[in-house]
Amino acid sequence: MTFSWRQRIGGRGGAGKIKASKGMINQDIELTIPIHFKCPISLDLMKDPVTLSTGITYDRESIEKWIEAGHITCPVTNQVLRNFDQIPNHSIRKMIQDWCVENKSWGVERIPTPRIPITPYEVSEIRSGIEDATQCGDARKFQELLGKIKNLAKESERNKRCIVANGIGSALADSFESFARFLIEKHADLLKEVLSVLTWTFPRGDQLGVSKLKSSVSLRCMAWFLKSEDDLSSRQNAICVLRDVVSADQGCVDGLMEIEGIEETLFHIVKVPICPRTTKASLVVIHHMISSTQIKSGKTTLKFVQMGLINLILEILVDGDKSVCEKALGVMDDVCGWKEGRESAYENALTIPLLVKKILRVSDTATEFAISSLWKLCLGENENALVEAVQQGAFQKLLVVLQIGSGERTKVTELLKLMNLYRDKIDCFDSSMGFRYIKRSN
């Protein structure tokens with residue numbers, strides 16, 4: 001079979017050709033890739049050929065995806081694999097490299113010799129080294145091992161998965177707490193590096209590792225980095241790790257709320273965004289702080305409201321992307337659960353229109369948050385909120401929500417009953433459908 005080399009580069013659906021350059025002006029040619037150089041799964045030239053127990057050779061990346069998807073058979077022979085060992089096929093790889101060199105004049109680049117993937121045993125050795133360096137307080141040795149982890153992770157996604165699966169995150173969590181116990185400024189560079197690695201090695205499911213990161217020492221250290229105005233990357237890594245900590249164990253929120261100025265710090269990160277990722281992470285942390293059952297959450301909510309959190313959330317809802325809007329609506333729902341929050345929401349003319357607009361416009365989760373917020377604002381038959389919601393087309397949208405089964409049925413039904421009381425006074429339609437509002441005379 002004949003395959004275009006440019007087809008491999010541009011995607012399997014491409015149909016480009018490589019033009020010859022040796023006196024063959026304006027003439028197109030196609031390079032024929034030998035059938036045994038192509039991966040049976042991707043049909044692309046193999047970069048890292050490996051052989052399974054069935055004797056069939058595949059590109060490592062393709063066969064790893066196949067196995068990770070839960071398949072236990074060989075894609076070609078359909079035989080059940082005796083094991084999942086992937087033996088590098090050096091002979092084929094060398095032949096492919098020679099073929100690439102021979103066709104260099106036609107724009108074919110030589111595939112690099114792949115590095116040998118890291119093994120669980122090697123990761124265990126690195127983990128032991130990290131634990132020893134932490135116990136001895138050997139910052140230099142620790143930093144060397146940290147650099148090795150980062151370099152191995154850059155080589156391939158397989159290495160990164162192997163590092164995560166073999167508990168490096170738990171060891172780094174312990175190290176972070178240990179070095180944070182000393183003067184933070186002394187180990188600031190090292191702690192920054194640990195945070196950057198923890199963003200992708202966070203010990204999810206490991207209670208011991210999470211307990212190290214939720215300690216008062218670790219939380220105060222993360223808060224210290226969050227307040228650092230000069231180092232944006234450290235602030236980004238710190239808020240992402242903090243998000244993972246509070247999501248893994250909401251019990252740490254009480255300790256977080258004891259840190260002086262943490263509310264102002266989180267509010268500033270949302271108000272002066274670094275990137276969408278940090279904005280979403282900050283909103284998640286704020287959500288957990290406000291929704292906490294701790295007594296202090298009331299004081300925390302009041303602080304956020306006084307700083308103008310409602311107005312900030314509404315600004316996000318105006319032009320934020322779907323993911324950010326979903327997190328923002330979650331925080332709005334939390335704040336509306338408090339009297340001070342509802343009072344602040346009533347003061348802003350955009351509150352009801354934006355909540356109604358976001359119903360059925362972002363996601364099912366966002367719709368639930370928007371409806372819940374409206375429900376809280378309309379409790380006690382608040383006439384102004386109900387009339388405005390009806391004017392904005394909330395009644396029609398809630399009927400659709402009830403039909404498709406999205407949102408909490410109880411809150412939707414209760415809102416519809418309340419709004420129905422005002423439909424005799426106001427005839428309205430959803431503005432997105434191009435209708436105008438007509439106020440009826442009594």
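Quick caveat, the model's predicted, so the values are computed rather than measured. All residue numbers refer to positions in the sequence shown, counting from 1.
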- Query: In terms of side-chain heavy atoms, does Glu122 have a donor or acceptor partner in Thr119 at a distance below 3.5 Å?
  - Reply: yes

- Item | Under 3.5 Å side-chain donor-acceptor pair for Thr57 and Asn89 | yes

Distance check, rounded to the nearest 0.5 Å: [X] atom [atom1] versus [Y] atom [atom2]?
X      : Y      : atom1 : atom2 : answer
Leu256 : Leu266 : CG    : CG    : 6.5 Å
Cys162 : Glu157 : SG    : CD    : 13.0 Å
Leu418 : Leu379 : CG    : CG    : 8.0 Å
Ile313 : Leu354 : CD1   : CG    : 11.5 Å
Glu340 : Leu309 : CD    : CG    : 13.0 Å
Tyr58  : Thr51  : OH    : OG1   : 10.0 Å

Over all heavy atoms of both residues, which pair between [X] and [Y] is shortest? Give the atoms and the distance, please.
X      : Y      : value
Val356 : Gln392 : CG1-O, 3.4 Å
Ala389 : Met419 : CB-CE, 3.6 Å
Lys192 : Ser234 : CD-OG, 2.6 Å
Thr278 : Ile269 : O-CG2, 4.2 Å

Closer than 3.5 angstrom, by distance alone: can the side chain of [X] be matched with the main-chain N or O of [Y] as a donor-acceptor pair?
X      : Y      : value
Thr367 : Leu360 : yes
Asn159 : Ile118 : yes
Lys397 : Lys357 : yes
Asn151 : Gly147 : yes
Arg60  : Asp48  : no
Asp333 : Leu329 : no
Tyr346 : Leu377 : yes
Thr351 : Ala345 : yes
His187 : Phe179 : no
Ser372 : Phe369 : no

Ion pair check, [X] and [Y], cut-off under 4.0 Å:
X      : Y      : answer
Glu68  : Arg161 : yes
Arg181 : Glu177 : yes
Arg204 : Asp244 : yes

For atom [atom1] of [X], decide whether the heavy atoms of other residues, nucleotides or ligands shown that lie under 6.0 angstrom number more than 12.
X      : atom1 : answer
Lys271 : NZ    : no
Glu61  : CD    : no
Lys148 : NZ    : no

- How far apart are the C-alpha atoms of Ser323 and Lys280, what are their side-chain angles, what is the distance that settles it, and do they pass the side-chain contact (heavy atoms from CB on, under 4.5 Å) test? CA-CA 8 Å; Ser323 183; Lys280 288 184 283 187; 3.1 Å; yes

Which donor-acceptor pairs under 3.5 Å do the side chains of residues 217-228 make with protein atoms, sequence neighbours left out?
unit_1 : atom_1 : unit_2 : atom_2 : d
Ser218 : OG     : Lys212 : O      : 2.7
Ser218 : OG     : Ser215 : OG     : 3.3
Lys227 : NZ     : Glu260 : O      : 2.9

- Message: Tell me every residue that passes salt bridge (Lys or Arg N to Asp or Glu O under 4.0 Å) with Glu414, counting only those two or more places apart in sequence or in another chain.
- Response: none

- Task: Mind running side-chain contact (heavy atoms from CB on, under 4.5 Å) on Ser216 and Glu258 for me, showing each step along the way?
- Result: CA-CA 9 Å; Ser216 60; Glu258 292 179 357; over 6 Å; no

